[in-house]
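Scope of the values below: all heavy atoms of this structure, side chains included, with no hydrogens, waters or symmetry mates. Lettering of chains follows the sequences in order, A, B, ..., and the numbering in each one begins at 1.
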Amino acid sequence: MSSYNHKEIEAKWRKYWEDSQAHKVELDPNKPKFYCLDMFPYPSGSGLHVGHWRGYVLSDVWSRYKKLQGYNVLHPMGWDAFGLPAENDAIKKGIHPSVSTANNIANFKRQLHEIGAMYDWSREVDTTDPNYYKWTQWIFLQMYKRGLAYRKEMPINFCPSCQTGLANEEVVQGECERCGTPVEKKNLKQWMLRITKYADRLLEGLKKLDWPEKVIKMQESWIGRSEGAEVVFAVDGTEYQITVFTTRPDTLFGATYMVLAPEHELVEKITTEEQSEAVAEYVKQAMTKSSVERMASKEKTGVFTGAYGVNPVNGSKIPIWVSDYVLIDYGSGAIMAVPAHDERDYEFAQKFDLPIIPVIADLDGQVPELPFVMDGKLTNSDKYDGMTSEEAKKAITEELERRGQGKASVQYKMRDWVFSRQRYWGEPIPIIHCPDCGEVPVPEDQLPVRLPDVDNYQPTGTGESPLAAIEEWVNTTCPSCGGQAKRETNTMPQWAGSCWYFLRYADPDNNDALADPEQLKYWLPVDLYVGGVEHAVLHLLYSRFYIKFLYDIGVVDFDEPFTRLFNQGMITKDGAKMSKSKGNVVNPDELVEHYGADSLRIYELFIGPPEVDSEWMDNGIEGVYRFIQRVWNLVDRSLKNPAEPTQESEKRRHKLIATVTERIESFKLNTAVSAFMEYINASGSTLDRKSMDTLVILLAPMAPHLAEELWQKLGNESSVFLARWPEADPAMLVADQVTVAIQVNGKTRGTVDVAADASEDDVKAAAEEITAVKNALDGKQVVKTIYVPGKIMNLVAK
RNA sequence: GCCGGGGUGGCGGAAUAGGUAGACGCUACGGACUUAAAAUCCGUUGGGCGUUAAGCCCGUGCGGGUUCGAUUCCCGCCCCCGGCACCA
């Protein structure tokens, strides 16, 4: 018997795939396409661990499965290679980021080859390649031309460790998403992208996506749409007006004071002389607090400005306060406070002894315990008394609108995207600053604006990038007037390159466009996108925004990039995420060496439900390795002495087809593996020819090397992936013999094996022969019999 | 605090239009083969009672409920994980 030698077999087929260019795909109008994409990795110095493998195996199983179903499958891979680690490494070791990036890519590529995935490497994409980032810059210019990219000076989140500004999406609980350092507010002139203009469409588009509910919820809450009204309050005795946003215009009669954010421009203007010292002091303190400190203390603080606002509906004068519980960058940075019906306002009013007037009662007209934050019926609200909240919101907003003192309004939590970084290793922003012409976009025929070499990568921390020090690069001529001008020295964030890379795979070498429209039309959008959940509101939101923009300018003909999304779970070791620093990294290289890639592939699937985190067990792969050997030995044995197919073996074969297909389709890949194991356990010592063929094809997506080898042993000359995925005959899936569980008063007492069409009486007769059933029925009368054909019979006895 | 997801043997996990709880694998134990070991193969493996066997009791985080029957549905709790967090 020839024994299973994974090293020889896997090397042989990997070479075959390469030599025959088996994984190279081309546009083929006669074939349906399937675009299966992995989130491309950042090529770090530490290489891949078994956790990375999980998603890559999953997507490859699907790619190969779809290929066997006759699809033209695009399954590419590339590198998200701009980013801070390479740059920080350069600072430490003086190695140019392009050099370390190239080294890391080579190592990653070697490791990815081990997986045996059907990547089409001819389509490899690298975000740091000038031929690629030329188009990243091009997209930026298109946005700039349409007013979606703009420069603004404002306080932004700044990471003192990374020495760069951050997008709101990159701040997690007041800390830098990347390094965990508490972020500071820093006033910087920043490039921004007007993603808020797309807020409604980004929200709307979520509805048609086949994505995990969790990710959709996260994006929805990130966008944070609220409907309400703007209400204009006059400041008593002045010409100033304060506009507030509220989702509860129905509570307007209960507004007993107002609050301005400390940064609000009117604070200084309306504060009375007596209060000016206290207000100035409070504002100063609030401004110096870091966002972490501001979040940490929930204790309400604030100061009275001395000014009063006039409630537009009843003319009542209410005090205007300053407090940092009102945020400058949401709504208008000012609120009307309704302490009776808002928890925060209630707390503030209690602390500063401000009046609390209930204006919403429950539906029985009772005023419940305050603060009562639900909808109800209006009270103490003049002519609106008795209306429901819903009716009153509408009516009051309409009245305000008639009188020019307000209007319906929608607000979003999402802010515009802070897009510039004060670092070296990123795409230069293609803008030139001219003393006469101002901001001038670099003409498209001069793209890419290449990243120059620098001697010193050290970030300046001043809001300028290391590029600012390279005079021969910074100093240039104005494309508009030809005079002396300077280049923009900020670079783009890492997300810029990953927002559109999946388009480039369709046509990676194009020099005239980011990709040929025909290619885009054929391959895009992505049918299945596999990656970790950590990008739920970063990459996945930004990409959707980019695609909607590219749709608007006619570059693509679809407006959602990823039709279906699958988030694979993490693989943990000793209960924790694998990381170099914890020393709990499981290296796939050694496992491949010892057990082979197919064993590791199947174990990655078998370890648990693919969407759930799973704990790595070193022994687990042993069982899978044994399984593969059993398959090998079974086929080997059967070839020498094939079995004759029987009714039973045919049923088993069809059931395997049905089960495996269904479990791949529903991503229950752990149970798809166990279906194979059960099949092998039930099959006896040899298989018939047809069963061997079926088994090998079904196994091919999971264990491609093994399947190719067995397929060849079965006498086939071409690759198993040119075979067709079998279909189960529904008629063969019906069992003719069934096991019926027998219960007495709901307790299972035994089982009977009967023909599938056995009558209830037959089953009952057989059931009453069981000793345990006799015992349980002893001295009792069967008063009712419940029979679910083929499943259970329950005898209810008294 | 709010919004998700989840608690099943020694372990990873199966099974939910309500119908034999623990598939499959790991571990452990016993056996076969071997001079021996490894590998392989066969058996046992939720807990308890029962010398064996037949059989009986308990058991899917906790407490109730609906039902002939609940891991699955409903109500009330506890714990763990993830997201958001003064967003008016």
[X] side chain: which of [options] is closest?
X: Thr246(A); options: rG19(B), rA88(B), rU20(B); result: rA88(B)
X: Val796(A); options: rC68(B), rA14(B), rC24(B); result: rC68(B)
X: Asn775(A); options: rC56(B), rG13(B), rG83(B); result: rC56(B)
X: Phe606(A); options: rA15(B), rC56(B), rC24(B); result: rC24(B)
X: Tyr325(A); options: rC56(B), rU20(B), rC86(B); result: rC86(B)
X: Trp222(A); options: rU20(B), rA85(B), rA88(B); result: rA85(B)
X: Asn681(A); options: rG13(B), rC24(B), rG4(B); result: rC24(B)
X: Glu678(A); options: rU20(B), rA23(B), rG13(B); result: rA23(B)
X: Ile786(A); options: rC68(B), rG55(B), rG13(B); result: rC68(B)
X: Leu327(A); options: rC3(B), rA88(B), rA23(B); result: rA88(B)

Is there a Watson-Crick or G-U wobble partner for rC2(B) with both distances under 3.5 Å, and which nucleotide is it?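 Base partner found: rG83(B).
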Any donor-acceptor N or O pair under 3.5 Å, side chains [X], [Y]:
X: Tyr787(A); Y: Asn794(A); answer: no
X: Asp613(A); Y: Thr572(A); answer: no
X: Arg225(A); Y: Gln411(A); answer: no

So what does [X] hit on the nucleic acid, given a heavy-atom distance under 4.0 Å: a base, only sugar-phosphate, or nothing?
X: Ile607(A); answer: sugar-phosphate
X: Thr785(A); answer: nothing
X: Asn670(A); answer: sugar-phosphate

If you assign each of Glu343(A) and Val172(A) to its closest nucleotide in RNA chain B, which residue comes earlier from the 5' end?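 So the residue in question is Glu343(A).
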By nearest nucleotide on RNA chain B, pick out whichever of Val612(A) and Ala334(A) is the more 5' one.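 First, find each residue's nearest nucleotide; the 5'-ward one identifies Val612(A).
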For [N] and [X] - does any side-chain N or O of the residue sit under 4.0 Å from the phosphate oxygens OP1/OP2?
X: Asn794(A); N: rG19(B); answer: no
X: Lys747(A); N: rC58(B); answer: yes
X: Ser332(A); N: rA88(B); answer: no
X: Ser323(A); N: rC86(B); answer: no
X: Arg749(A); N: rC56(B); answer: yes
X: Arg630(A); N: rG25(B); answer: yes
X: Arg637(A); N: rU40(B); answer: no

>> Around atom CD of Gln737(A), are there more than 12 heavy atoms from other residues, nucleotides or ligands closer than 6.0 Å?
In response: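 Yes, the 6.0 Å shell around CD holds more than 12 heavy atoms from other groups.
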Open item on the list: Is it true that, when you exclude Lys351(A) itself, more than 12 heavy atoms of the residues, nucleotides or ligands shown sit nearer than 6.0 Å to its NZ?
Closed with: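 Enclosed: over 12 neighbouring heavy atoms sit under 6.0 Å from NZ of Lys351(A).
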Does a side-chain N-to-carboxylate-O contact under 4.0 Å join [X] and [Y]?
X: Glu768(A); Y: Lys764(A); result: no
X: Lys668(A); Y: Glu662(A); result: no
X: Asp375(A); Y: Lys393(A); result: yes

- [ ] Fit a plane to each ring of Tyr625(A) and Tyr4(A), take the angle between them on a 0 to 90° scale, and name the class: parallel (under 30°), tilted (30 to 60°) or perpendicular (over 60°).
- [x]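 Tyr625(A) and Tyr4(A): tilted rings.
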Rounded to the nearest Å, what distance is computed from the [atom1] atom of residue [X] to the [atom2] atom of nucleotide [N]?
X: Asn567(A); N: rG4(B); atom1: CG; atom2: C1'; result: 13 Å
X: Phe627(A); N: rG12(B); atom1: CZ; atom2: P; result: 23 Å
X: Leu260(A); N: rC86(B); atom1: CG; atom2: C1'; result: 16 Å
X: Trp211(A); N: rG83(B); atom1: CH2; atom2: P; result: 18 Å
X: Gln743(A); N: rC68(B); atom1: CD; atom2: P; result: 13 Å
X: Met218(A); N: rA85(B); atom1: CE; atom2: P; result: 10 Å
X: Lys791(A); N: rG19(B); atom1: NZ; atom2: P; result: 7 Å
X: Met414(A); N: rG83(B); atom1: CE; atom2: P; result: 20 Å

query = Atom CD1 of Ile195(A) and atom CG of Leu202(A): how far apart are they, to the nearest 0.5 Å?
reply =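 Spacing of CD1 (Ile195(A)) from CG (Leu202(A)) equals 5.5 Å.
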- request: Please step through side chain to side chain donor-acceptor pair (under 3.5 Å) for the pair Tyr595(A) and Glu622(A), ending with a clear verdict.
  value: CA-CA 8 Å; Tyr595(A) 300 102; Glu622(A) 297 267 2; 3.0 Å; yes
Output one line per pair: protein atom, nucleotide atom from nucleotides 26-28 of chain B, and distance, for all N/O pairs under 3.5 Å.
{"from": "rC26(B)", "atom 1": "OP1", "to": "Arg626(A)", "atom 2": "NH1", "distance (Å)": "2.7"}

Report task. Answer syn or anti for rG9(B), where the cut-off is 90° from 0 on the glycosidic torsion. Result ->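 rG9(B): syn.
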Spell out yes or no: do the side chain of Lys413(A) and the base of rC84(B) have one donor N/O and one acceptor N/O closer than 3.5 Å?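 There is none.
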For nucleotides 42-49 of chain B, which of its nitrogen or oxygen atoms have a protein nitrogen or oxygen under 3.5 Å away, and what is each distance?
none

